[in-house]
Amino acid sequence: MTTRDAVYSDDPTGYGGRRVSIVDEGVTRLPPELDGAGNVEYKLQWRLAEGNGRAVYVIGVHDDGDVVGITDQELQHTIATLRAMAQKLDSTRVVSVRTRVLADQENRVVAEVHLAQQTTLPQAELRIAVLGDHGAGKSSILGCLTYGEADDGRGKARLNLLRHRHELESGRTSSIALGTVGFSADGRMQNYANNRSAEHIHQRSCHIATFIDTCGHAKHLKTTARAITGYSPHAFCVVIAADAGTVSAATRGYLQMAAALSMPLVVVVSKMDIAEKTGFAALMHDLLATLDAVVPGRSKCMVADAAAPGPLAGDMMDLSVVPIVTTSAVRSVGFDELASVLRGSLAQCQKGGPAGGGIHRCDGPFEFHIESVHSIDKVGLVATGWVSGGTAKSGTALGQPLVVGPDASGGFVGVDVTSIHTLRIPTATARAGLSAALAIQPHSALSIQKGMVVLDADQVDAHGRCVSGEFTAAVTLLGPEASAAQTVTVHIRSTCHLAHVLSVTRAPQGETSADSSDATVRLQLDGGTRDYICPGVPIVARDGRGLVFAGRVTSAQ
C-alpha cells in the first residue's frame with residue numbers, strides 16, 4: 001500500500017472519490033474516519049495491522065474530518081510521542097512527516113505522519129503432528145514448550161492448549177489445537193514466555209515450528225485422522241508415557257503410519273518424574289523392538305545433550321534416525337533437547353530437505369489446500385490452509401488466473417486473491433511449504449468449504465491431478481486386513497468420504513519383509529462422490545474398529 005493510496009472512507013464531501021491529503025493546498029475537510037478498518041488515523045491510534053505494516057497519522061483533524069490544525073509546539077510533542085510509541089514496537093519507525101501551515105491561521109499547522117513496520121517472513125515452517133494415547137501427556141508437553149511454564153502435576157500446563165469447556169472438565173482433548181514456537185536468527189526460542197502474542201512470535205522468528213495437538217482417545221479417531229491428512233504435517237512426534245509399561249496398539253499404529261507416509265519421526269517419552277526404573281526399562285526395551293519392526297532402516301538415538309542434535313535432526317528429516325527424548329513437564333526436563341531437535345529440523349527444511357515424504361514444489365504451479373473458511377467484516381471470505389506448490393501473489397491484475405473448487409459437480413470457478421497473510425504476517429506472496437490465509441473473491445456464486453483447493457487455472461488437469469471418484473494408493477495395513485468389497489471412511493486432505501475397496505494387492509513376501517503389510521488398494525468413493533485427487537497426497541482409512549490403512553495416492557482413474 002503506497003502512502004498516498006491510504007484507505008479513507010467513502011467521500012461524502014464532494015471530492016468525487018479522489019484520494020486527498022491533508023497537506024494538499026486548499027483542503028479544509030477530509031472524509032470521516034473509519035473506526036472499524038483502514039490504516040489511516042485522525043489523531044492517535046495504531047493502524048499498522050490494517051495497513052499491512054504501514055500506518056498514516058493525520059494530525060490536526062477532528063474525527064468528523066474538520067481541519068482545525070494545532071500549534072507547532074503541539075505538533076512537535078505529537079511527533080515525539082509517535083516516535084516513542086514506534087520504539088516500543090519491533091522494527092517500526094517514522095518514515096516521513098509532511099506538514100502544511102493553514103492559510104487563514106498562520107500559527108496552526110496540519111501534518112501527515114507515515115509509519116512503517118518492517119517484518120521479515122520466516123524462511124521455514126515445520127508442522128508437527130503430535131500423536132499418542134489418551135493420557136500420554138501430549139497437551140501438557142506442548143503447553144510447557146509453547147508457554148515456557150512447568151506443569152503443577154494436575155494438568156495446569158495443558159490448559160493453555162485446550163479449547164472447550166468439556167475438555168477442561170474431562171482433561172481429554174477432543175479437537176485439534178495448534179501451538180507455535182519460533183527460533184530467532186541467533187537460535188533463541190521464541191514462545192509466549194518472551195512474546196505477548198502469536199503475531200509477535202512470528203515477527204521475531206526466522207523459523208517457525210507449528211504443533212498440531214491431536215486427540216488420544218479412540219472416540220475421537222476421526223479428528224486425529226483429519227489432523228494427519230488435513231494439516232499436512234512435515235513430521236510426527238509420538239508421545240509415550242514413561243509409566244505405560246509397554247507400547248500400546250494405538251501407539252504402534254501411529255509408528256506404522258509414520259513409515260507408511262515416509263514421515264520424519266521423533267519419539268518423546270513423557271512423565272519421567274513418575275517413572276520407575278524397572279517399568280521404564282521394560283518400556284524402552286519394547287519401544288526399541290517396536291521401532292525395529294515397524295520403522296525398519298532407521299537408527300534409534302537417545303538425545304541427552306541439548307548441544308548435540310544438530311546433525312541428528314538432519315538425519316531425522318532424511319528418514320535415517322529416530323531421536324528419542326525423555327521429558328518431565330513437572331520438572332521442566334528435556335525441553336532444551338527437544339527444542340534443539342526442532343531447531344535442527346527447521347534448518348534442514350530451509351535447505352530443501354525432505355519433509356513429509358517429499359520436497360515442496362516451489363517452482364511448480366500454485367496449489368493451496370483449504371483447511372478452514374471464515375467470513376470477516378470488511379474483508380470477506382478468508383481461506384486458511386497450506387501451500388503445497390508454487391507461489392501466488394495478491395491482487396486482481398497480476399496475470400495469474402486462479403480457480404477454486406471442486407464444487408458438487410466437480411467444477412472450478414475463477415477466484416481473485418485480494419490479500420495474503422503468511423504465518424500471520426501480511427505479505428504480497430504465498431509460497432510453497434508455508435501456512436497461509438488468503439482473502440478470496442470467487443467470480444461466481446460458490447460455497448467455499450474446507451477440502452477445496454485454489455489452483456493455477458491451467459493446471460487443474462495437469463501433472464496427474466483430476467477430479468475423480470476412483471483412485472489407487474500405496475498403503476500400509478494398520479488394522480484388520482483390508483479386503484475387496486469392504487467399506488471404509490477415507491480421509492483426503494480435510495475431507496472424509498465413505499469408500500468401497502475394489503481390490504487389495506499385497507506386496508510379495510520378501511520384497512519388503514517376511515510378513516509385509518504393504519499393499520496397493522483401489523478405492524471408489526461412495527454414491528458417485530468425486531474429489532480433487534493428486535498423486536502423493538496422503539490418505540488415512542478407518543472403520544468402526546479403528547485404523548485400517550494409511551498411505552499415499554499413486555494415481556486417479
Side-chain angles (χ1 to χ4, degrees), residues 122 124-132 136-153 155-158 160-161 178-195 198 200-202 204-213 234-242 264-275 280 283-284 287 299-317 321-350:
E125 179 192 17
L126 184 70
R127 293 188 295 277
I128 306 160
V130 183
L131 306 165
K138 302 183 295 298
S139 298
S140 295
I141 287 176
L142 294 189
C144 292
L145 193 64
T146 56
Y147 283 82
E149 299 177 356
D151 188 46
D152 62 355
K156 174 185 175 182
R158 72 182 178 211
N160 296 316
L161 273 294
L178 302 179
T180 299
V181 300
F183 295 94
S184 59
D186 60 1
R188 183 185 179 193
M189 187 167 70
Q190 305 294 324
N191 56 18
Y192 288 105
N194 51 12
N195 292 275
H200 202 215
I201 293 174
H202 288 77
R204 297 181 64 188
S205 301
C206 290
H207 307 303
I208 293 293
T210 300
F211 298 98
I212 307 160
D213 189 20
H234 301 106
F236 279 2
C237 173
V238 175
V239 180
I240 304 173
L265 172 67
V266 57
V267 175
V268 174
V269 181
S270 64
K271 303 183 180 182
M272 287 299 295
D273 51 289
I274 61 173
F280 178 69
L283 172 66
M284 293 305 298
L287 173 61
S299 302
K300 279 69 66 180
C301 180
M302 296 289 295
V303 181
D305 184 357
L312 174 64
D315 292 337
M316 181 190 85
M317 299 304 292
V321 170
V322 178
I324 302 173
V325 183
T326 55
T327 65
S328 168
V330 173
R331 298 177 181 173
S332 295
V333 173
F335 292 100
D336 289 340
E337 290 78 5
L338 182 56
S340 295
V341 173
L342 297 174
R343 187 165 47 242
S345 302
L346 281 160
Q348 183 72 7
C349 286
Q350 182 187 4

Fill in: Closest heavy-atom pair and its distance - Gly182, Ser205
CA-OG, 3.3 Å
Worksheet item: Backbone N or O of Ile324 within a donor-acceptor pair of the Lys300 side chain at under 3.5 Å?
Response: no
Practice prompt. Looking only at non-hydrogen atoms, find the nearest pair between Val269 and Met284 and report the distance.
Written response: CG2-SD, 4.4 Å
Worksheet entry | Gap between atom CD of Glu125 and atom NE2 of His234 - 0.5 Å precision | 6.5 Å
Fill in: Verdict with supporting geometry, Arg331 and Met272, side chain to side chain contact (heavy atoms under 4.5 Å, CB included)
CA-CA 9 Å; Arg331 298 177 181 173; Met272 287 299 295; over 6 Å; no
Discussion item. Run Ser139 and Asp213 through side chain to side chain donor-acceptor pair (under 3.5 Å) and show every step you take.
Written reply: CA-CA 7 Å; Ser139 298; Asp213 189 20; 2.6 Å; yes
Worksheet item: Going by heavy atoms in the side chains, are His202 and Thr180 under 4.5 Å from each other?
Response: yes
Worksheet, complete the sentence: Given the options Val322, Val239, Val303, Val267 meets side-chain contact (heavy atoms from CB on, under 4.5 Å) only with Val322
Worksheet item: Which is it for Tyr192 and Ile201 under the side chain to side chain contact (heavy atoms under 4.5 Å, CB included) test, yes or no, and what are the steps along the way?
Response: CA-CA 8 Å; Tyr192 288 105; Ile201 293 174; 4.2 Å; yes
Discussion item. Within the structure provided, determine whether Ile141 and Thr327 are in side-chain contact (heavy-atom separation under 4.5 Å).
Written reply: yes
Worksheet item: Counting N and O atoms only, with roles assigned by atom type, does the side chain of Ser299 sit under 3.5 Å from a partner on the main chain of Val321, one being a donor and the other an acceptor?
Response: no
Worksheet item: What are the two closest heavy atoms between Ala241 and Lys271, and how far apart are they?
Response: CB-CD, 4.1 Å
Discussion item. To the closest 0.5 Å, what do you measure between CZ (Arg127) and CD1 (Ile212)?
Written reply: 7.0 Å
Worksheet item: Got a second to check how far Leu338's CG is from Cys237's SG, nearest 0.5 Å?
Response: 6.0 Å
Practice prompt. Check whether any side-chain heavy atom of Glu337 lies under 4.5 Å from a side-chain heavy atom of Thr326, and answer yes or no.
Written response: no
Worksheet item: Does some side-chain heavy atom of Leu145 sit less than 4.5 Å from a side-chain heavy atom of Leu342?
Response: yes
Worksheet item: Just how far is it from atom OG of Ser345 to atom CZ of Phe183, taken to the nearest 0.5 Å?
Response: 9.0 Å
Discussion item. Could you report the tightest heavy-atom contact between Ala193 and Gly148, atom names first, then the distance?
Written reply: CB-CA, 4.2 Å
Worksheet item: Taking atom CD1 of Ile128 and atom CG of Leu142, what is their separation to the nearest 0.5 Å?
Response: 9.0 Å
Item to complete: Indicate yes or no: at least one non-hydrogen side-chain atom of Cys301 is less than 4.5 angstrom from one of Leu312.
Response: yes
Worksheet, complete the sentence: Value for OH (Tyr147) from CG (Asn191), rounded to nearest 0.5 Å, stands at 10.0 Å
Discussion item. Donor-acceptor check, side chain of Asn194 to backbone of Met189, threshold 3.5 angstrom: yes or no?
Written reply: yes
Item to complete: Could you give me the CA-CA distance, side-chain angles and deciding distance for Leu126 and Met317, then say whether side chain to side chain contact (heavy atoms under 4.5 Å, CB included) is met?
Response: CA-CA 11 Å; Leu126 184 70; Met317 299 304 292; 3.9 Å; yes
Discussion item. Measuring only between side-chain heavy atoms, which start at C-beta, is Leu287 closer than 4.5 Å to Ile240?
Written reply: yes
Worksheet item: Which pair of non-hydrogen atoms, one from Phe335 and one from Ser328, has the smallest distance, and what is that distance?
Response: CE1-O, 3.5 Å
Discussion item. Quick one: does any side-chain atom of Arg204 pair with a main-chain N or O of Ser184 as donor and acceptor, under 3.5 Å?
Written reply: no
